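This structure is a prediction, so every number in the text was calculated from the model and none was measured. Residue numbers begin at 1 in each chain, while the letters A, B, ... track the order of the sequences.
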2 protein chains.
Amino acid sequence: MVHAVIMAGGVGSRFWPRSRTHLPKQFLPILSEATLIQNTAARLQGLVEPQHLWAVTNERHRTAILDQLPIIDPARVLIEPMGRNTAPAIGLAARHLLAADPDAVMLVLPSDHLITDVRSFHRVCRVAIDVAVETGGLVTLGLAPDRPETGYGYIQLDEHAPHARHRDEAFRVRTFAEKPDRVTAERFIHSGDFLWNSGMFIWRADAILREIARQLPALDRALDDIAPHIGTDGYDAALRAAYAVTPEVSIDYGVMERADQVWVVRCELGWSDVGSWDEVANRSEMSDGHGNHIHGDVILHDVTNSHIQTERVVAAIGIDNLIVIDTPDALLICRRGHSQQVKEVVQALKTRHPALL
Amino acid sequence: MVHAVIMAGGVGSRFWPRSRTHLPKQFLPILSEATLIQNTAARLQGLVEPQHLWAVTNERHRTAILDQLPIIDPARVLIEPMGRNTAPAIGLAARHLLAADPDAVMLVLPSDHLITDVRSFHRVCRVAIDVAVETGGLVTLGLAPDRPETGYGYIQLDEHAPHARHRDEAFRVRTFAEKPDRVTAERFIHSGDFLWNSGMFIWRADAILREIARQLPALDRALDDIAPHIGTDGYDAALRAAYAVTPEVSIDYGVMERADQVWVVRCELGWSDVGSWDEVANRSEMSDGHGNHIHGDVILHDVTNSHIQTERVVAAIGIDNLIVIDTPDALLICRRGHSQQVKEVVQALKTRHPALL
């Protein structure tokens, strides 16, 4: 059966002051009435049965998940005792899936991305599932890039996959490339054989565990220590003990880059990782003819190209190209194009106002 | 004796969201730790005895005055039952002064202006008192203009006053001119014989009452109806009855423009009527080397020439030339040079959010 694992352990700070430690980006209604994680679950409808939905998160966000995703069986919300990057989270989920379903095929999905073309998403997932089942390899979704973005990792294509019916969209992976500099990104785009690494993966649960065993033996041992306790009273203690000695490593760096059989399905999904307020502003629907997106009670005079969110009354006069995020206890005013610096603000707040994080 | 009458009936809306109906501009700490009206009273020290301080205001602001100016005898805070512009307020005060002191000389002072050169202020007030006493005429302070401002009224000079010792600074007034257009304002400045009308007046109480009797007989009758009740139980009722039929008219239009003996003392006081947030921003002391004036807890990244007031935490990134006034229930974000439009915002709020005014 096909299972989906929603990775919800993120603690991003780039959406301050809307995002806070107790409510990171995936739990916010960004670019939609629903939250990003709700949309992530909703777009699986018709692809994955509700009883095959899983999530991995941490204790702090368990309640937010249960509140926002009542469709998920609480027993399938896996709680990591501490964040160890994606490889341990995925390994843990794979062990749980295997215990529930020895033939489990696993969709690994970030909880905080945007996908506007759900029909294409279903189609490429089905292709990826086919490839994963037929080859026993590891499959990733690679997004056709539309600009030389320096904020994403890239995947270089190799030969087509040996499956006639998917040969236009499934490829063997030649290399994974880290976030490039501008010149390199332009070369990638120009070459035509690079895709953006989406962080979405499809594989049989036993396949990823085999690769973990081969490449990350310490993680494999930790998972071995946990597995016998799944569903027992000793689970929490075993999990904590194992995580204490588990290596902190990403699935890309720890497994994908040197895995044996790695495939990529090329896709166009109207995708974004929604990485900054600028990305939100650039993708927001305009609320007037002057390029503004206004959420809340705002009186505008000569305002253009501005993105304003507020729960209070705001008057804006003569401004252009600003992002204004107004929350009850903190306010962000940021020129469009500068929202990467929100991270530095959060850094400054750690000493000055930790309670506002 | 010299008495000072502080005109505190203003209900200005140009400092929203800091100013509100219950707390207009004169009661706000603008450009100082003290409020504008506190500074108005403080700068009279050494010029007018505390027991000769008076204020005219309305019922709504009586408490603010008593709180902010404990130096004033509460019996000398005159309460108008309704606003009727400056002529009735000044006439009422003159009748009270005369009842207390038949030789009263009266300084009439707006409560919400800025004067940075207090020594010059004292000196020109003394000159004006001399001229008022010696001529029995009406004296106004006229400010040497430094720009073709279209937001102020102007006073045109005529011959020097016939008093040798003040002849460099006291002049007969030829005309009062309303707020001019730009071209006219430039002509005024170029001619060299126009001064800004400050709204500060000096005269004997009996002199202004004589002119009121001559030019505004309806107001004179109303004051006649009130005067016998000053200090009696019937005062409030007489005042209300008289005000109900009092004409609404300014002292400039109703009296000064056609008065008999009108003098102006030319002065330079570091004066401003503090008419807008822009004026505040332009006169604020910089709090860093980038032209910013920051009042409150603000994290700045690449911010220049901005004026920010807040009681919460604000993060500002990549902004230039903005005015940000953040209050607990409303926020103003305004490009510098555009704060005249605050009046339009207030207009819009009258229907949308009267409670925020």
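Taking the side chain as every heavy atom from C-beta outward, B:I333 and A:L322 approach each other to under 4.5 Å. By the 4.5 Å heavy-atom criterion applied to side chains, B:R312 and A:D329 are not counted as neighbours.
When every heavy atom of B:I317 is checked against every heavy atom of A:V342, the shortest pair comes out as CD1-N, 3.8 Å.
Within the 3.5 Å criterion, the main-chain N or O of A:D297 finds no donor-acceptor partner in the side chain of B:R352. Judged by distance alone, with hydrogens and angles left aside, the side-chain atoms of B:R335 form no donor-acceptor pair with the main-chain N or O of A:V303 at under 3.5 Å.
The local environment of CD in B:E311 is crowded, with over 12 non-hydrogen atoms from other residues, nucleotides or ligands closer than 6.0 Å. With a 6.0 Å radius and a threshold of 12 heavy atoms from other residues, nucleotides or ligands, A:E344 has its CD atom above the threshold.
Interface remark: A:L300 contributes no atoms to any contact with chain B (heavy atom separation under 4.5 Å). Contact of A:L356 with chain B is made through the side chain alone, with heavy-atom distances under 4.5 Å. Heavy-atom distances place no part of A:N321 under 4.5 Å from chain B, backbone and side chain included. Of the two parts of A:H353, only the side chain, counted from C-beta on, holds a non-hydrogen atom closer than 4.5 Å to a non-hydrogen atom of chain B.
For chain A, the option among B:L349, B:T310, B:D320, B:I319 with the highest count of heavy-atom pairs below 4.5 Å is B:I319. Of the listed residues (A:G318, A:A315, A:P328), the one with the most heavy-atom contacts under 4.5 Å to chain B is A:A315. Contact count against chain A (heavy-atom pairs under 4.5 Å) is highest for B:I299 among B:V324, B:I308, B:I299.
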